[in-house]
Amino acid sequence: MAMLSYPDHCKITREQNGYDEYDEPLAPKVIYDDVCDFQPGEQTRGMIAVRTNDKIYLPGIIRTADGEMISNGDVIDWVTESGRRFHGVIDEANDVKIDLDGSWVTEIEIKQGTGE
């Protein structure tokens with residue numbers, strides 16, 4: 001029983017170097033394309049603004065069919081529950097165990113992010 005909700009949608013891709021049989025660049029490989037939870041990074045504490053990077057949470061430990069995991073430099077696009085779209089580059093991905101229920105989440109920190 002997961003205790004977090006995932007109201008947003010994320011797509012994570014990884015660039016593939018090389019070309020296909022028609023000398024066209026290979027399309028990015030899709031690592032993840034499903035639900036997520038976006039947490040904006042900037043927070044204010046009293047009169048002091050503390051800047052932290054945006055974070056994304058995914059349910060479980062994410063692996064592709066061939067065993068690849070999310071890594072630094074992967075590209076992430078996400079749409080919030082309200083429809084706002086963002087694009088960014090992953091700085092760090094960690095697997096975190098939730099002590100309250102024993103479930104796992106993948107925590108992603110965004111290095112660069114832009115919104116529409």
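Everything numeric in this text was worked out from a predicted model, so none of it was measured.
In this structure, the separation between CD1 on Ile76 and CG on Asp91 is 12.5 Å, given to the nearest 0.5 Å. Between the CG atom of Asp101 and the CG atom of Asp99 there is a distance of 9.5 Å, given to the nearest 0.5 Å. The distance from atom CG of Asp77 to atom NE2 of His87, rounded to the nearest 0.5 Å, is 5.5 Å. Distance CD1/Ile110 to CD/Gln39: 12.0 Å, rounded to 0.5 Å. The OG atom of Ser82 sits 8.0 Å away from atom CG of Asp8, with the distance rounded to the nearest 0.5 Å. From Ile12, atom CD1 reaches atom CD1 of Ile90 across 4.5 Å, with rounding to the nearest 0.5 Å.
Using a 4.5 Å heavy-atom cutoff, the side chains of Pro59 and Val35 are in contact. Side-chain contact between Ile56 and Asp37 is absent, with no heavy atoms from C-beta onward closer than 4.5 Å. No side-chain heavy atom of Ile108 sits under 4.5 Å from any side-chain heavy atom of Tyr57. Between Phe38 and Cys36, every side-chain heavy-atom pair lies at or beyond the 4.5 Å cut-off. Asp95 is listed as a side-chain neighbour of Met69, based on a closest heavy-atom distance under 4.5 Å.
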| query | Going through the checks in order, is the side-chain hydrogen bond (donor to acceptor under 3.5 Å, both in side chains) test met by Asn17 and Glu15? | reply | CA-CA 6 Å; Asn17 296 323; Glu15 290 297 321; over 6 Å; no

| request: Any chance you could lay out the side chain to side chain contact (heavy atoms under 4.5 Å, CB included) test for Trp104 and Val96, step after step, and finish with the verdict? | output: CA-CA 6 Å; Trp104 288 84; Val96 179; 5.7 Å; no

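Between Tyr19 and Asp23, the shortest heavy-atom contact is CD2-O, 3.5 Å. Residue Ala93 comes nearest to Asn72 through the heavy atom pair N-OD1, 4.0 Å, listed as atom of the first residue, atom of the second, then distance. Summarising the geometry of Ile31 relative to Ile70, their closest heavy-atom pair is CG2-CG1, 3.8 Å, with the distance given to 0.1 Å. Gly102 approaches Lys97 most closely through the heavy-atom pair O-CE, 3.6 Å.
Side chain of Thr106 to main chain of Gly60: a donor-acceptor pair is present (N/O by atom type, distance under 3.5 Å, no hydrogens or angles). At distances below 3.5 Å, at least one donor-acceptor pair connects side-chain atoms of Asp54 with backbone N or O atoms of Gly41.
Both Tyr6 and Leu100 belong to a single network of hydrophobic side chains, linked directly or stepwise wherever heavy atoms of I, L, V, M, F, W or Y lie under 4.5 Å apart.
Take Asp66 and apply the salt bridge (Lys or Arg N to Asp or Glu O under 4.0 Å) test, not counting sequence neighbours, and it matches Lys29. Not counting sequence neighbours, the partners of Arg14 by the salt bridge (Lys or Arg N to Asp or Glu O under 4.0 Å) test are Glu68, Asp74.
Under a 4.5 Å side-chain heavy-atom cut-off, the cluster of Ile, Leu, Val, Met, Phe, Trp and Tyr residues that includes Val75 has no other member.
Between Phe86 and Trp78, the two ring planes are parallel [angle under 30°; tilted spans 30° to 60°].
At a cut-off of 3.5 Å, with distance as the only test, a side-chain donor of His9 or Asp33 sits close to an acceptor on the other residue.
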